[in-house]
Amino acid sequence: MVTRFPPEPNGYLHIGHAKSICLNFGLAERHGGVCHLRFDDTNPETESEEFVNAIIADVRWLGFQWHGPVRYASDYFDQLHAWAVHLIEAGKAYVCELDPEQMRQYRGTLTEPGRDSPWRDRPVAENLALFAAMRAGEVEEGRMVLRARIDMAAPNINLRDPVLYRVKRMAHHRSGASWNIYPSYDYAHGQEDAIEGVTHSICTLEFADHRPLYDWFIANLPVPSQPRQYEFGRLNLNYTVTSKRKLKQLVADGHVDGWDDPRLPTLAGLRRRGVTPAAIRAFCDSLAVARTDGIVDMAQFEHFIRADLNDNAPRALCVLRPLRVTLTNWPAGKVENLDLANHPQRPELGARRVPFGGALYIDRDDFSTDTALSRKQFKRLVLGDWVRLRGAPVIRADEVVRDAAGAVIEVLASLVPDTLGSDPPPEIKPRGVIHWVDAETALDCELRLYDRLFAAANPEAGGDFLQALNPGSLQVLAGCKAEASLAAAVPGATLQFEREGYFCRDSRSGDRLVFNRTIALRDTWAKHSAEG
RNA sequence: UGGGGCGUCGCCAAGCGGCCAAGGCAGCGGGUUUUGAUCCCGCCAUUCGGAGGUUCGAGUCCUCCCGCCCCAGCCA
């Protein structure tokens, strides 16, 4: 079995392409075959080397290795041209001089047959001469095309004398200025497959209509192998868009920060967001290959992101909305070094040394002066009550310090002795466990909390998908406090900030400490509290 | 009203004439827990778009109907 992933280098890869990549590479691997990476670069107008390189990097990043060299449709331009001449000589292709508007009229409609082009029966010699002139750059763009001679009355519009070659007097990013004509997708694709010995040419459902044409070329040309085309439903995800046109618009109009904006479903965006290749592959493998075109729930993707990160992301502590806590019974100047496990279920991932002094930060949301809150309702720190500091001792909130406006700006607390690594005496019952950061050694950082780019499950429903943009898709938190070890955080390597979510250091912020939230931890409690 | 596809739990999806219609996601209930996370246990379609028919027996075969998607680029 030989398969291929055949992107056109005119845009960035997104999650939908990932499904195709996993399918093509996965299928070949399971059957002891190979998969090619081949660029379908038949239209120099929209394609570029920049996209070629980005796509190669994305496929590699996903973890796939194609068989042999990277291939290009443009490598086959000579062969494709020779086969076009073969069709002309066999009376199966002709040069047509209808202009685009006339061609549309002659094509007929969905319910009416088309009419033969007046140029359809021109002599072989004339076709050959004209095609040569097209190639030589002697014909203006739009003046002539080479068409297959099939059936203008075919109920399948793709068979109504489709275009094989059009004049484009422009340079190609790989073949340079050597061509003035370029093959169409329909003409090129199957022959590319045949040249490479592809056995299973897998594409999306909208190409099912093209299969008779694909087969027609294979049957009418002396190709070295007989590839077969199979179609499957493309991936649709709710709360996002995956059409190249729409992604391009979001980037061009500045609704996002570029092709690698962490809110985008592009592979570059997912990578910058901290989503791992393993999570993407696991998600794609969970998708069955079917001919139904459904819409997969974003929650299904999120499940695989969390599953992989939960298993593999090292833990760390970071306070998003810092509130100062001073331990009044802590000996002045004393610093204790705690060893915190990098992963609660995987001791082999080791531990890190974290300093603990008499001053620290906890999250504002983890403190309340409302002593009426039940233990069930609020498993955090309440004035006059106890709480466990994650990986550290139990403390009790004794007093609060308020500013002129009456807002709490500091909590004075006392540490319960001998509670590091062991339970407090039975009369002391901590409400729960909260995270913290040592104030003395804390690192200031910026956190970017991402939410779904679109507020509507189906952004295209209302006509203008931009109307569905989620205004709260990015929330920037400044002045967050990270534990000291995070100074060494590697961009792109995802961590779990305990009790908050998964984050990775931004790869485009230089030395500044900026973290992108990949995804929040699952929060079943939020639903309870929202219900009141 | 042309052609090509598709309709099984809120979402994705097995099923290819024969025990009580897999599984995953979501949801719900409970247990464990120094992350309200993870983990564990349990619940979640007498019904397969609808109506007829064939058959001892149909989600699976036949007929008709209904609904949704794709195609009229010298894009892919």
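Values below: all heavy atoms of this structure, side chains included; hydrogens, waters and symmetry mates excluded. Just so we're clear, the structure is a prediction, and the values are computed from it rather than from any experiment. Here is the naming used below: chain letters follow the sequence lines, and residue numbers restart at 1 for every chain.
- Note: CG (A:L349) to P (B:rU38) measures 19 Å, nearest angstrom.
- Between the side chains of A:N180 and A:R135, no donor-acceptor pair of N or O atoms lies under 3.5 Å.
- Across all strands, A:F497 comes closer than 4.0 Å to no nucleic acid atom at all (heavy-atom distances).
- Annotation: B:rU32 and B:rC41 have their P atoms spaced 15 Å apart (nearest Å).
- Here A:R147 does not reach the OP1 or OP2 of B:rC74: none of its side-chain N or O atoms lies under 4.0 Å away.
- Within the nucleic acid shown, A:R380 comes within 4.0 Å of at least one base atom, counting heavy atoms only.
- One C1' atom belongs to B:rG59, the other to B:rG49, and the distance between them is 12 Å to the nearest Å.
- Put simply, A:T292 has a side-chain N or O that comes within less than 4.0 Å of OP1 or OP2 on B:rA13.
- For B:rU35, the base has no donor-acceptor partner in the side chain of A:E500 [N/O atoms by modelled type, under 3.5 angstrom].
- As judged by a 4.0 angstrom heavy-atom cut-off over every strand, A:N10 is placed among residues making no nucleic acid contact.
- Backbone-only contact: A:I295 has heavy atoms under 4.0 Å from sugar-phosphate atoms and none from a base.
- Nucleic acid contact for A:K244: none, since no nucleic acid atom lies under 4.0 Å from a heavy atom of the residue.
- In this structure B:rG29 sits in a base pair with B:rC41, meeting the Watson-Crick or G-U test at under 3.5 Å.
- Among A:S74, A:P9, A:S48, the one residue that satisfies the side-chain contact (heavy atoms from CB on, under 4.5 Å) test with A:H173 is A:P9.
- For B:rU35, neither phosphate oxygen OP1 nor OP2 lies less than 4.0 angstrom from any side-chain nitrogen or oxygen of A:H435.
- Within the 4.0 angstrom heavy-atom criterion, only backbone atoms of the sugar-phosphate kind lie near A:G294; the bases stay farther away.
- Within 4.0 Å (heavy atoms only), A:T46 reaches no atom of the nucleic acid at all.
- Remark: the A:Y76 side chain and the A:E196 side chain contain an N/O donor-acceptor pair separated by less than 3.5 Å.
- If you check every strand for non-hydrogen atoms under 4.0 Å, A:E45 touches nothing.
- When the P atom is used for both B:rU60 and B:rG53, the distance is 14 Å, rounded to whole Å.
- At the heavy-atom level, A:S243 lies nowhere under 4.0 Å from the strands shown.
- With a cut-off of 3.5 Å on both pairing distances, the Watson-Crick or G-U wobble partner of B:rG52 is B:rC62.
- One interatomic measurement links the two molecules: CZ of A:F232 to P of B:rA13, which rounds to 12 Å at whole-angstrom precision.
- Under the Watson-Crick or G-U wobble criterion, with both distances below 3.5 Å, B:rG73 has no partner in any strand shown.
- Pair check for B:rU47 finds none; no Watson-Crick or G-U wobble contact set falls under 3.5 Å.
- Nucleotide B:rG10 is shown with an anti base, its glycosidic torsion being more than 90° from 0.
- In this structure, A:R315 and A:V296 both approach RNA chain B, and ranking their closest nucleotides by distance from the 5' end singles out A:V296.
- Nucleic acid contact for A:Q377: base, since at least one base atom lies under 4.0 Å from a heavy atom of the residue.
- Contact annotation for A:V145: base contact, defined as any heavy-atom pair under 4.0 Å involving a base atom.
- Counting any heavy atom pair closer than 4.0 Å across all strands shown, A:L98 reaches a base atom.
- Distance noted for atom P between B:rC40 and B:rG67: 46 Å (whole Å).
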Under 4.0 Å protein heavy-atom contact, by nucleotide of nucleotides 67-73 of chain B - B base, S sugar-phosphate only:
--SBBBS
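- Listed nucleotides: B:rC11, B:rG36, B:rC74. Nearest to the side chain of A:D523: B:rG36.
- If you check the side chains of A:K244 and A:N10, you find a donor sitting under 3.5 Å from an acceptor.
- A salt bridge is defined here as a Lys NZ or Arg NE, NH1 or NH2 lying under 4.0 Å from an Asp or Glu carboxylate O, and A:D151 with A:R160 fails to meet this definition.
- In summary, the side chains of A:R4 and A:S201 do present a donor paired with an acceptor at a separation below 3.5 Å, with no hydrogens or angles considered.
- The side chain of A:D40 lies closest to B:rA76 when the candidates are B:rC25, B:rA14, B:rA76.
- B:rC70 and B:rG30 have their P atoms separated by 45 Å, with the value rounded to a whole Å.
- No contact: A:G501 has no heavy atom under 4.0 Å from any strand.
- Between A:K248 and B:rC75 there is no side-chain N or O to OP1 or OP2 distance below 4.0 Å.
- Using bins of under 30°, 30° to 60° and over 60° for the plane-to-plane angle, the ring pair A:W436/A:F356 lands in the perpendicular bin.
- Per the geometry, CG belonging to A:L389 stands 13 Å off C1' belonging to B:rU35, to the nearest Å.
- The nearest whole Å value for the distance from the CD1 atom in A:I519 to the P atom in B:rU35 is 21 Å.
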Test log, rule side chain to side chain contact (heavy atoms under 4.5 Å, CB included), inputs A:F515 and A:L447:
CA-CA 5 Å; A:F515 292 95; A:L447 261 42; 3.8 Å; yes
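- Checking B:rG24, B:rU35, B:rA76 against the side-chain heavy atoms of A:H303 singles out B:rG24 as nearest.
- Comparing atom distances between the A:A288 side chain and each of B:rA14, B:rG36, B:rC25 picks out B:rA14 as nearest.
- Using a 3.5 Å distance cut-off with no hydrogens or angles, the side chains of A:D438 and A:Y361 do not pair a donor with an acceptor.
- Evaluation of atom-type donor-acceptor distances gives no pair under 3.5 Å for the side chain of A:R306 against the base of B:rU38.
- Close to B:rC75, at under 4.0 Å from its OP1 or OP2, lies no side-chain N or O of A:T42.
- Within the structure, a side-chain polar atom (N or O) of A:R166 is placed less than 4.0 Å from OP1 or OP2 of B:rC75.
- Between A:H17 and A:F5, the ring-plane angle classifies as perpendicular under the 30° and 60° cut-offs.
- For the pair A:R517 and A:Y450, the cation-pi criterion (under 6.0 Å, within 45° of the ring axis) is not fulfilled.
- What separates CD of A:E231 from C1' of B:rA76 is a distance of 15 Å, to the nearest Å.
- Salt-bridge check for A:R174 with A:D75: passed, with a basic side-chain N closer than 4.0 Å to an acidic carboxylate O.
- Taking 4.0 angstrom as the limit, A:R38 places none of its side-chain polar atoms (N or O) nearer than this to OP1 or OP2 of B:rA76.
- Taking atom C1' in both B:rC61 and B:rG18, the straight-line distance is 14 Å, to the nearest Å.
- Here B:rG3 presents its C1' atom at 13 Å from CZ of A:R211, a figure rounded to the nearest Å.
- For the C1' atoms, the distance linking B:rA14 with B:rC64 amounts to 29 Å, nearest Å.
- Protein atom CZ of A:R291 is 9 Å distant from nucleotide atom C1' of B:rC6, rounded to whole Å.
- For the P atom pair drawn from B:rG10 and B:rC48, the interatomic distance equals 13 Å after rounding to whole Å.
- Mapping A:Q345 and A:E141 onto RNA chain B by nearest heavy atom places A:Q345 at the nucleotide closer to the 5' end.
- What separates CH2 of A:W525 from C1' of B:rG29 is a distance of 16 Å, to the nearest Å.
- Counting non-hydrogen atoms under 4.0 angstrom, A:P344 reaches a base of the nucleic acid.
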